[in-house]
Amino acid sequence: MSTSTVAAPNPLATLATLTRVETALLLREPAAVLFTLALPVVLLVLNGQVGNDPNPRFGGAGAIDVLMAGYLVYVMATSAIMGLGETLADYRDRGILRRLRVTPLRPWQILSSHALTHLAMTVVGVAVLVGLGAVAYDLHRPAAIGATVLALFASAASMIAIGFVLGALLPSVRTTQAVAAAIYFPAIFVSGALFPREVLPAFAQRIGDFLPMTYAVRSIREAWTLGTVDWVGLGILAGTTAVLVLVAVRMFRWEAR
Amino acid sequence: MNEIVVEMTNISKRYGSVLAVQSMTLRIARGEVFGVLGPNGAGKTTTVECAIGLRNPDSGTVTVLGLDPAKDPDAVRQRVGVQLQQAVLPNRMKVKEALAIFASAYARHGDPAQLLEDWGLTGQRSTAFGALSGGQKQRLFIALALLGEPEVVVLDELTTGLDPAARRDTWALIEGLRDRGVTVLLVTHAMDEAEALCDRLAVIDHGQLIAEGTPDQIRGEHRTLEAAYLHLTSPRPAARTLQNGQIR
């Protein structure tokens with residue numbers, strides 16, 4: 001190891017190191033990883049028997065294809081809303097951020113390392129679910145790969161932005177947990193993440209119209225099953241992401257009040 | 001006097017209705033081991049936090065290594081190492097991971113393996129932070145404060161939680177820093193530590209600088225530094241006049 005490297009550190013190399021360590025920390029919490037992946041896998045196995053034939057109820061798409069779009073958002077939401085917000089609040093409450101603040105590490109590097117860690121987690125979750133669906137349940141290939149990847153990315157970004165804003169705005173870990181749960185649990189039911197929206201009562205569907213998570217499911221589902229780009233949905237996801245990241249960065253605090 | 005590396009002029013800092021620091025002026029020269037003494041809640045930590053730009057004072061000016069920490073925090077943080085009171089890292093983070101993160105942030109840094117050896121943590125390289133003893137955590141934070149080969153090091157409650165042997169070892173390592181020309185800002189309660197290590201001391205009480213000078217000057221006519229300190233920080237205002245050393 002050098003004792004007198006003169007050049008300033010590459011900020012992206014620093015980010016890579018932070019992300020590597022954060023990912024290792026997340027993997028040392030196997031319960032969190034399992035909780036994120038176990039439920040959609042179990043649901044896929046339980047619902048897999050319905051088969052993936054074209055179904056008029058889902059506009060001609062197969063039930064597995066439709067369910068898959070929801071489960072992928074479920075993985076993103078669980079990791080970002082339940083995990084990321086709480087991690088940031090915990091880092092602040094315990095004084096970890098206070099310690100990092102007196103190093104040359106910058107807030108964007110710290111926030112980005114958490115975002116990348118949860119993105120990596122999402123990629124693994126998506127790979128597991130899609131792999132299982134394809135091997136065991138006749139999951140169809142996406143009708144448009146590019147549009148599907150775009151929708152997946154926009155969805156993951158919006159969920160991470162929600163996690164950021166919760167972790168930045170709320171005063172403590174307990175509050176963050178409570179508020180995150182209050183947002184997350186209703187949202188996974190009414191957005192179509194756990195069940196296709198078609199099976200929900202009209203009232204629940206109406207509530208879902210106001211949630212970014214609904215547009216995450218919709219944009220992935222449309223790209224996957226129809227090969228169309230849900231511009232309105234993507235616009236809502238991008239707008240949500242931009243506004244929430246801006247709020248989170250503005251409101252970011254290094255120390256508990 | 002040598003080059004001034006930390007210069008605080010007329011610093012005041014208020015938290016709500018509490019005036020934590022009041023018109024404080026301090027100058028610390030390169031290579032000094034400078035002690036900040038004072039009772040709990042006297043404003044020691046706020047003073048050093050202002051000195052390194054972790055807090056912006058409400059009024060007054062701070063210059064660190066010729067830089068304004070409010071305007072150029074990154075440049076200051078590259079050259080100042082800090083060990084904070086009651087610092088923590090994520091419980092599952094291993095010692096070597098903490099060193100890797102901190103090392104990646106500095107333009108130049110020391111050899112992590114050597115630092116672990118210096119601070120008796122070689123056997124804990126792969127130990128999670130949460131599994132370290134209190135003394136090991138303390139030594140890890142000192143090692144992390146020194147990792148970036150800083151020109152100025154702030155050590156807040158340096159030896160709190162260390163056993164007597166580790167305490168003496170730590171003192172020897174601080175002497176080593178002095179020999180290398182590193183400027184050390186030492187916040188402490190421990191009179192023996194202040195006496196053994198510090199070239200100069202500032203005694204702070206109620207957010208004000210009440211005495212400044214070498215340990216000998218502060219001790220003055222008292223038999224021990226502790227007696228002088230207790231006299232200085234006694235609640236009776238009349239007792240706060242010091243014959244030797246610099247009086248504020």
Side-chain angles (χ1 to χ4, degrees), chain A residues 1-33 83-84 86-110 112-114 117 173 253-257, chain B residues 15-16 45 48-49 52-55 69 72-94 96-116 126 128-130 137 140-141 144-145 147-150 153-154 156:
Chain A
M1 191 80 53
S2 72
T3 50
S4 59
T5 319
V6 183
N10 178 345
L12 294 180
T14 305
L15 175 59
T17 305
L18 266 174
T19 306
R20 175 174 64 75
V21 172
E22 283 300 333
T23 306
L25 296 184
L26 189 68
L27 293 176
R28 274 172 218 153
E29 246 175 313
V33 179
L84 179 55
E86 185 186 326
T87 304
L88 286 178
D90 179 53
Y91 274 33
R92 183 172 45 241
D93 266 14
R94 296 186 50 222
I96 294 164
L97 291 181
R98 185 175 139 84
R99 180 63 190 89
L100 297 181
R101 186 185 180 185
V102 291
T103 69
L105 293 171
R106 302 283 36 95
W108 72 264
Q109 289 173 322
I110 294 166
S112 301
S113 72
H114 286 275
T117 300
V173 176
R253 283 175 290 111
W254 292 94
E255 289 182 47
R257 277 187 186 131
Chain B
Y15 296 119
T45 296
V48 295
E49 285 177 344
I52 54 166
L54 190 54
R55 308 229 175 254
D72 211 348
D74 291 4
V76 171
R77 280 165 201 164
Q78 283 288 348
R79 296 165 67 188
V80 176
V82 183
Q83 173 246 324
L84 292 167
Q85 208 180 334
Q86 295 166 347
V88 286
L89 289 170
N91 280 333
R92 291 186 178 82
M93 187 179 282
K94 293 176 182 174
K96 62 181 174 190
E97 291 171 335
L99 287 160
I101 287 178
F102 280 63
S104 79
Y106 288 104
R108 59 194 179 100
H109 59 79
D111 178 1
Q114 183 62 48
L115 272 172
L116 288 181
S126 296
F129 177 78
K137 286 178 182 170
L140 172 61
F141 281 117
L144 290 173
L147 182 59
E149 301 194 321
V153 186
V154 174
D156 195 347

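Proteins get letters first, then strands, A, B, ... in listed order; numbering begins at 1 in each. Just so it is clear, the structure is predicted and the values come from calculations on it, not from any experiment.
Ranked by heavy-atom pairs shorter than 4.5 Å toward chain A, the options B/V88, B/I52, B/L89 are led by B/V88. Chain A forms more heavy-atom pairs under 4.5 Å with one residue of B/N91, B/L147, B/L144 than with any other, namely B/N91. With respect to chain A, the highest number of heavy-atom pairs below 4.5 Å among B/G53, B/A100, B/A87, B/P90 belongs to B/P90.
Remark: side-chain polar atoms of A/R99 are paired, donor with acceptor, to backbone N or O of B/V82 under 3.5 angstrom. Side-chain N or O atoms of A/Q109 include none that pairs as donor or acceptor with a backbone N or O of A/L18 at under 3.5 Å.
With rounding to the nearest 0.5 angstrom, the CG atom of B/L84 is 6.5 Å from the CG atom of B/L54.
Contacts of A/A24 with chain B are made by side-chain atoms alone, with heavy-atom separations under 4.5 Å and no backbone atom involved. A/L100 touches chain B through its side chain: at least one heavy atom from C-beta onward sits under 4.5 Å away, while N, CA, C and O do not.
Taking the six-membered ring for Trp and the full ring otherwise, B/F129 and B/F141 have centroids separated by under 6.0 Å.
B/E49 has a carboxylate O that lies under 4.0 Å from a charged side-chain N of A/R98, or vice versa, which qualifies the two as a salt bridge.
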